Amino acid sequence: MPDIGFLNGRFMPLDQAMVSVEDRGFQFGDGVYEVIRTYRGVPFQLEAHLGRLERSAKAIALALPYQSREWQDFVLEGIRRGGYAESKVYIQLTRGAAPREHLFPVAARPTAVMTVREMRPIDAALQASGVGVITVEDLRWGRCDIKSVNLLPNVMARQRAKEAGAFEAIFVRGGEVTEGAVSNVMLVRAGVLVTAPEGERILSGVTRALVLALARKEGIPAEERAVSVDELRRADEVFLTGTTVEILPVVRVDGALVGTGKPGALTGLLSERFRSSLG
Ligand code: PLP
């Protein structure tokens, strides 16, 4: 079955979906996006993702061509057409095609793209053993809360991680841990869960919010505050959160073991609660 493409309100096979070379997403990275996955065929946290899409678009003064209700219908229709056991849906929205000029085009209409592909779960062995991460300088811009299609620093960082034999790159800005290239980062020290606060330095992760809520429900103290890279290195447990990684234990930071070098107990408990919350 071909992967599903969607362009400005029309579904088509993905390999037939084309945008102009003058699209501002291509020319300037002038756009925003979202990633949504299904569990048991149902889009997970769809409203939260569409809410963030709306906030990202507003932050770059981009008028959404469709309301949340319409997006919901498109996402459901895309999933239906794909027919996969589990789907991964990308929505990308740019300021449209126009002659190359930095100023916002007066006449251009936004380009709305969606792709639907099969979602393969993260390798169970990785989930069980935990992964290694490297730390890298956070060279991104000052509005990491906007889910912008400008992902070059993330691309460079993740490639560096791969070349270092690690799964993820953790950004560090001025000695503070911000987030991963494709995930948020949490640590546990002396029974307390700690993660960087919401704000312009991180993407406000949908999974991050869920995990914080689950922790609080379990009576695990959770602090949203600046985290130093030294704290990360001294943590008893570290894990990543994100739509694609779910809750993924980290057992090595820059080659040094985290805690005992095995996924920690609180990480395990939260993963278990997360799984059960999926229904
Ligand atoms: N931070 C960054 C930079 C990301 O790209 C992502 C996931 O796409 C996340 C955090 C996690 O966000 P979410 O849990 O909403 O997927």
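Just so it is clear, the values below take in all heavy atoms, side chains as well, and ignore hydrogens, waters and symmetry mates. Read the numbers this way: they start at 1 and go in the same order the structure lists the ligands and their atoms. Being a predicted model, the structure only gives us computed values, none of them experimental.
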Undergrad: Could you tell me which atoms of ligand 1, counted from 1 in the order shown, lie closer than 4.0 angstrom to a heavy atom of G180?
TA: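 Answer for ligand 1: 3 (C).
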Undergrad: Can we say R52 and E47 salt-bridge, meaning some charged N sits less than 4.0 Å from an Asp/Glu carboxylate O?
TA: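 A salt bridge is absent here (no side-chain N lies under 4.0 Å from a carboxylate O).
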Undergrad: Should the pair E163-R158 be classified as a salt bridge under the 4.0 Å nitrogen-to-oxygen rule?
TA: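 Salt bridge: no.
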Undergrad: Quick one: does R52 get a heavy atom under 4.0 Å from ligand 1?
TA: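 Judged by the 4.0 Å heavy-atom criterion, R52 does count as contacting ligand 1.
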Undergrad: Closest non-hydrogen protein atom to atom 14 (O) of ligand 1, residue and atom name please, with distance?
TA: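 Ranked first by proximity to atom 14 (O) of ligand 1 is T207 OG1, 2.6 Å.
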Undergrad: Consider every N or O of T241 and every N or O of ligand 1, then say whether any pair is closer than 3.5 Å.
TA: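 The answer is no, given that T241 and ligand 1 share no N or O pair closer than 3.5 Å.
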Undergrad: Could you point out which residue of V35, T115, L53 forms a side-chain contact (heavy atoms from CB on, under 4.5 Å) with I91?
TA: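 Per the side-chain contact (heavy atoms from CB on, under 4.5 Å) rule, the option paired with I91 is L53, out of V35, T115, L53.
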Undergrad: Between atom NE2 of H49 and atom OG of S56, what is the distance when rounded to the nearest 0.5 Å?
TA: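 The distance works out to 11.5 Å.
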Undergrad: Please identify which atoms of ligand 1 are closer than 4.0 Å to at least one heavy atom of G242.
TA: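 The atoms of ligand 1 under 4.0 Å from a heavy atom of G242 are 11 (C), 14 (O), 16 (O).
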Undergrad: Within a distance under 4.0 Å of any heavy atom of S183, pick out the atoms of ligand 1 and give their elements.
TA: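 Close to S183: 1 (N), 2 (C), 4 (C), 6 (C), 9 (C), 10 (C).
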Undergrad: Output the list of atoms in ligand 1 that are nearer than 4.0 Å to some heavy atom of G205, sorted by atom number.
TA: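 By the 4.0 Å cutoff, the relevant atoms are 12 (O), 13 (P), 14 (O), 15 (O).
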Undergrad: Using a strict cut-off of 4.0 Å, indicate which atoms of ligand 1 neighbour a heavy atom of A181.
TA: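 Counting from 1, the qualifying ligand atoms are 3 (C), 5 (O).
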Undergrad: Any nitrogen or oxygen of V35 lying under 3.5 Å from a nitrogen or oxygen in ligand 1? Just yes or no.
TA: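 No, no N or O pair falls under 3.5 Å.
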Undergrad: Should the pair R201-E176 be classified as a salt bridge under the 4.0 Å nitrogen-to-oxygen rule?
TA: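 The answer is yes: the pair qualifies as a salt bridge.
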Undergrad: Between R173 and E179, does any NZ, NE, NH1 or NH2 come within less than 4.0 Å of an OD or OE carboxylate oxygen?
TA: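 Answer for the salt bridge query: no.
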Undergrad: Should you measure from each heavy atom of E179, which atoms of ligand 1 turn up under 4.0 Å away?
TA: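 Close to E179: 1 (N), 2 (C), 3 (C), 10 (C).
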Undergrad: For ligand 1, is there an N or O atom under 3.5 Å from any N or O atom of S204?
TA: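 Among all N and O atoms of S204, none is under 3.5 Å from an N or O of ligand 1.
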Undergrad: Got the closest protein heavy atom to atom 11 (C) of ligand 1, with its distance?
TA: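 That would be N184 OD1, 3.6 Å.
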Undergrad: Salt bridge or not between K147 and E34? Use side-chain N to carboxylate O under 4.0 Å.
TA: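 No, this pair does not count.
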Undergrad: Provide, to 0.1 Å, the distance between atom 8 (O) of ligand 1 and the closest protein heavy atom, together with that atom's residue and name.
TA: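 Of the protein heavy atoms, K147 NZ, 2.8 Å lies nearest.
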Undergrad: What residue and heavy atom of the protein are closest to atom 16 (O) of ligand 1, and at what distance?
TA: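 Nearest neighbour among protein heavy atoms for atom 16 (O) of ligand 1, to 0.1 Å: T243 OG1, 2.5 Å.
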Undergrad: With under 30° as parallel and over 60° as perpendicular, where do the rings of Y39 and F274 fit, or are they tilted in between?
TA: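 If you compare the ring of Y39 with that of F274, the planes turn out perpendicular.
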Undergrad: Can you tell me if R225 uses its side chain to pair, donor with acceptor, with the backbone of P197 under 3.5 Å?
TA: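 No; zero donor-acceptor contacts below 3.5 Å.
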Undergrad: For atom 4 (C) of ligand 1, find the nearest protein heavy atom and state the residue, atom name and distance (0.1 Å precision).
TA: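 Ranked first by proximity to atom 4 (C) of ligand 1 is V182 C, 3.6 Å.
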Undergrad: Give me the atom names and distance for the closest heavy-atom approach of R160 to T135.
TA: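 The answer is NH2-O, 4.5 Å.
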